[in-house]
Amino acid sequence: MKILVTGAGALLGQGIIRSLRRSSLRPEIVAVDPSPLAAGLYWADSSYLVPLADAPDYGEKIEALLARERPAAVLVGTDVELHYFAAHRARLESVFGTRVVVSSPRVVSIADDKWLTYQFLLEHGFPRPDSSLPDQARALLARVGYPLVVKPRRGARSVGVCIVRNDTELDRALKGDGLIVQECVGRPEDEHTTGLLVFDGRCAASITMRRDLRDGNTYRAFPLPDFPHEAVLRRIAETLDAHGPVNFQFRLVSGQAKIFEINGRFSGTTPLRGLVGFPEVEMVLRHVLLGEDVTQPPVRSDAVLRHWSETVVPDDRLLAVS
């Protein structure tokens, strides 16, 4: 079984590779990334450099690799590559005999844009922070008061996120482009993340963790095997109609899981989940490649503490940029 993983330099891509290395499937791993200094390239069985996702020849290079390696499945390790694979999934699967684990362009677009995320949740009556575009920020302020959160509509890892507590700070924060303004809900200790697996409109497995953040990433995670809001979160995932993995980030407020971000993909906490009994990468591959049903595994409540590590690459193994 050969699996191609993109984004070997990203936290997400590296987490997918690490999950594959722990898998009982023992797949052959092909890793790709634009940078020869992407550590995940050197954890794989074979590695290639590819252009950036927005480069004109990105698709051409990816398809050349698919023709050469013929992987059984493709797992996408960065947000920026999701649009390409979502748009071309059916053709890539037909031409190259692979399975591309990615949701539809609609789901990817909703997850990529926090305003579209809010609109989806609002339309279906699901819990969410009250939100507005910048031109309606004052109306939002009248409804919910300070503090407010101003953030990019498209972004990750808390980059550009600003909590504002008065008119001066709000005016300053709204000088940027492509922003969304949201009600500031809950406390940092109320932050949670839920990973769900959805196929054919049915969510068959999920896991929720309370998490502590550092620089926008989870660095401590605490699984909650009997999380009381799991049924609601599964219903949201099914309504979204994701294909494969989807991730919700939310805070608990007055007995509600108010979602402020959706990721239509595996999550940065994917390898952490595998350590407590939820090996979602293997579960997905067993379903799409071997036809096995996805079932809910028992999840342990062990605390997971993330830490730095290192990879040493000899000079003669560094990939060269052509």
Which donor-acceptor pairs under 3.5 Å do side chains of residues 220-228 form with protein atoms, sequence neighbours excluded?
from	atom 1	to	atom 2	distance (Å)
Arg220	NE	Asp212	OD2	2.9
Arg220	NH2	Asp212	OD2	3.2

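Going from atom CG of Leu285 over to atom CD1 of Ile3 covers 4.5 Å, rounded to the nearest 0.5 Å. Taking CD1 from Ile163 and CD from Gln182, the interatomic distance works out to 11.5 Å, rounded to the nearest 0.5 Å. A distance of 8.0 Å separates CZ of Arg300 from CG of Leu275, quoted to the nearest 0.5 Å. Atom CD1 of residue Ile262 and atom CD1 of residue Ile259 lie 5.5 Å apart, to the nearest 0.5 angstrom. Here the straight-line distance linking atom CE of Met209 with atom CD1 of Ile207 works out to 4.0 Å at 0.5 Å rounding. The OG atom of Ser132 lies 9.5 Å from the CG atom of Leu141; values are rounded to the nearest 0.5 Å.
Arg143 pairs by the side-chain contact (heavy atoms from CB on, under 4.5 Å) definition with Asp130, Ala139, Leu140, not counting sequence neighbours. Val95 pairs by the side-chain contact (heavy atoms from CB on, under 4.5 Å) definition with Arg91, not counting sequence neighbours. With sequence neighbours excluded, the residues satisfying side-chain contact (heavy atoms from CB on, under 4.5 Å) with Asn247 are Thr193, Gln249, Asn263, Ser267, Arg273.
In this structure, the side chains of Leu75 and Val281 come closer than 4.5 Å at one or more pairs of heavy atoms. With contacts defined as side-chain heavy-atom distances shorter than 4.5 Å, the pair Leu318/Asp316 does not qualify. Side-chain contact check for Lys114 versus Glu261: some heavy-atom pair is nearer than 4.5 Å. Side-chain contact between Val276 and Ser301: absent, with no pair of heavy atoms (C-beta onward) separated by less than 4.5 Å. Between His192 and Leu252, some side-chain heavy-atom pair lies under the 4.5 Å cut-off. Residues Leu37 and Leu319 have side chains not in contact (no heavy-atom distance under 4.5 Å, counting atoms from C-beta outward). Counting heavy atoms from C-beta outward, Gln296 and Ser206 have side chains that approach closer than 4.5 Å. Within the 4.5 Å cutoff, the side chain of Val246 has no heavy atoms near those of the Arg265 side chain.
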Would you please test Arg99 and Glu93 for salt bridge (Lys or Arg N to Asp or Glu O under 4.0 Å) and show each step?
CA-CA 6 Å; Arg99 298 298 300 273; Glu93 290 186 336; 3.6 Å; yes
Start with the C-alpha distance between Asp167 and Tyr146, add both sets of side-chain angles, then the distance that settles side chain to side chain donor-acceptor pair (under 3.5 Å), and finish with yes or no.
CA-CA 9 Å; Asp167 290 354; Tyr146 286 116; 2.5 Å; yes
Stepwise side chain to side chain donor-acceptor pair (under 3.5 Å) check, Glu230 with Thr208
CA-CA 8 Å; Glu230 209 92 349; Thr208 295; 2.9 Å; yes
Report the C-alpha separation of Asp215 and Arg306 in whole Å, then their side-chain angles, then the decisive distance to 0.1 Å, and conclude whether the salt bridge (Lys or Arg N to Asp or Glu O under 4.0 Å) test is met.
CA-CA 13 Å; Asp215 298 328; Arg306 179 171 262 164; over 6 Å; no
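Judged purely by distance below 3.5 Å, without hydrogens or angles, the side chains of Thr270 and Glu280 pair a donor atom with an acceptor atom. With 3.5 Å as the limit, one finds a donor-acceptor pair spanning the side chains of Ser24 and Arg286. A donor and an acceptor atom, one from each side chain of Glu282 and Ser19, are nowhere located under 3.5 Å apart.
Ring geometry, Phe126 versus His124: the interplanar angle falls under 30°, so the pair is classed parallel (tilted spans 30 to 60°).
Using a distance-only test at 3.5 Å, with no hydrogens or angles considered, no donor-acceptor pair links the side chain of Arg18 to the main chain of Gly40. Between the side chain of Asp57 and the main chain of Glu60, no donor-acceptor pair closer than 3.5 Å is present. For Lys2 (side chain) and Glu69 (main-chain N/O), a donor-acceptor pair under 3.5 Å exists by modelled atom type. No side-chain donor-acceptor contact under 3.5 Å links Glu191 to the backbone of Arg210. Side-chain N or O atoms of Thr6 include one that pairs as donor or acceptor with a backbone N or O of Gly77 at under 3.5 Å. In this structure a side-chain-to-backbone donor-acceptor pair under 3.5 Å is missing from Asp190 to Arg251. Remark: side-chain polar atoms of Ser47 are paired, donor with acceptor, to backbone N or O of Leu41 under 3.5 angstrom. Judged purely by atom type and a 3.5 angstrom limit, Arg21 uses its side chain to pair as donor or acceptor with the backbone of Trp43. The backbone N or O of Gly7 sits nowhere less than 3.5 Å from a side-chain atom of Thr78 that would complete a donor-acceptor pair. In terms of modelled atom types and a separation under 3.5 Å, the side chain of His243 and the main chain of Asp241 share no donor-acceptor contact.
Clustering ILVMFWY residues whenever any of their side-chain heavy atoms sit less than 4.5 angstrom apart, transitively, puts Val74 in a cluster other than the one holding Leu20. Residues Val294 and Ile16 fall within the same hydrophobic cluster, defined by Ile, Leu, Val, Met, Phe, Trp and Tyr side chains chained together at heavy-atom separations under 4.5 Å. Following chains of ILVMFWY side-chain contacts shorter than 4.5 Å, one can reach Val50 starting from Val100, so the two form part of one hydrophobic cluster. Both Val76 and Leu66 sit in one connected hydrophobic cluster of ILVMFWY residues. Membership requires side-chain heavy atoms under 4.5 Å apart, directly or through other members. Val108 and Val284 sit in two unconnected hydrophobic clusters of ILVMFWY residues. Membership requires side-chain heavy atoms under 4.5 Å apart, directly or through other members.
For Arg214 and Tyr219, the positive end sits near the middle of the six-membered ring, less than 6.0 Å away and at most 45° from its axis.
A ring pair (Phe, Tyr, Trp, His ring centres under 6.0 Å) check over residues 257-307, counting only residues at least two apart or in different chains, returns the pairs Phe199-His287.
Applying the under-4.5 Å side-chain rule to Ile, Leu, Val, Met, Phe, Trp and Tyr, the cluster around Ile180 extends to Trp115, Tyr118, Leu122, Leu133.
Under a cut-off of 6.0 angstrom, the local environment of CG in Asp200 is sparse, with at most 12 non-hydrogen atoms contributed by other residues, nucleotides or ligands. More than 12 heavy atoms of other residues, nucleotides or ligands sit less than 6.0 Å from atom CG of Asp135.
Of all non-hydrogen atoms in Leu116 and Ser109, the two that sit nearest each other are CD1-O, 3.7 Å.
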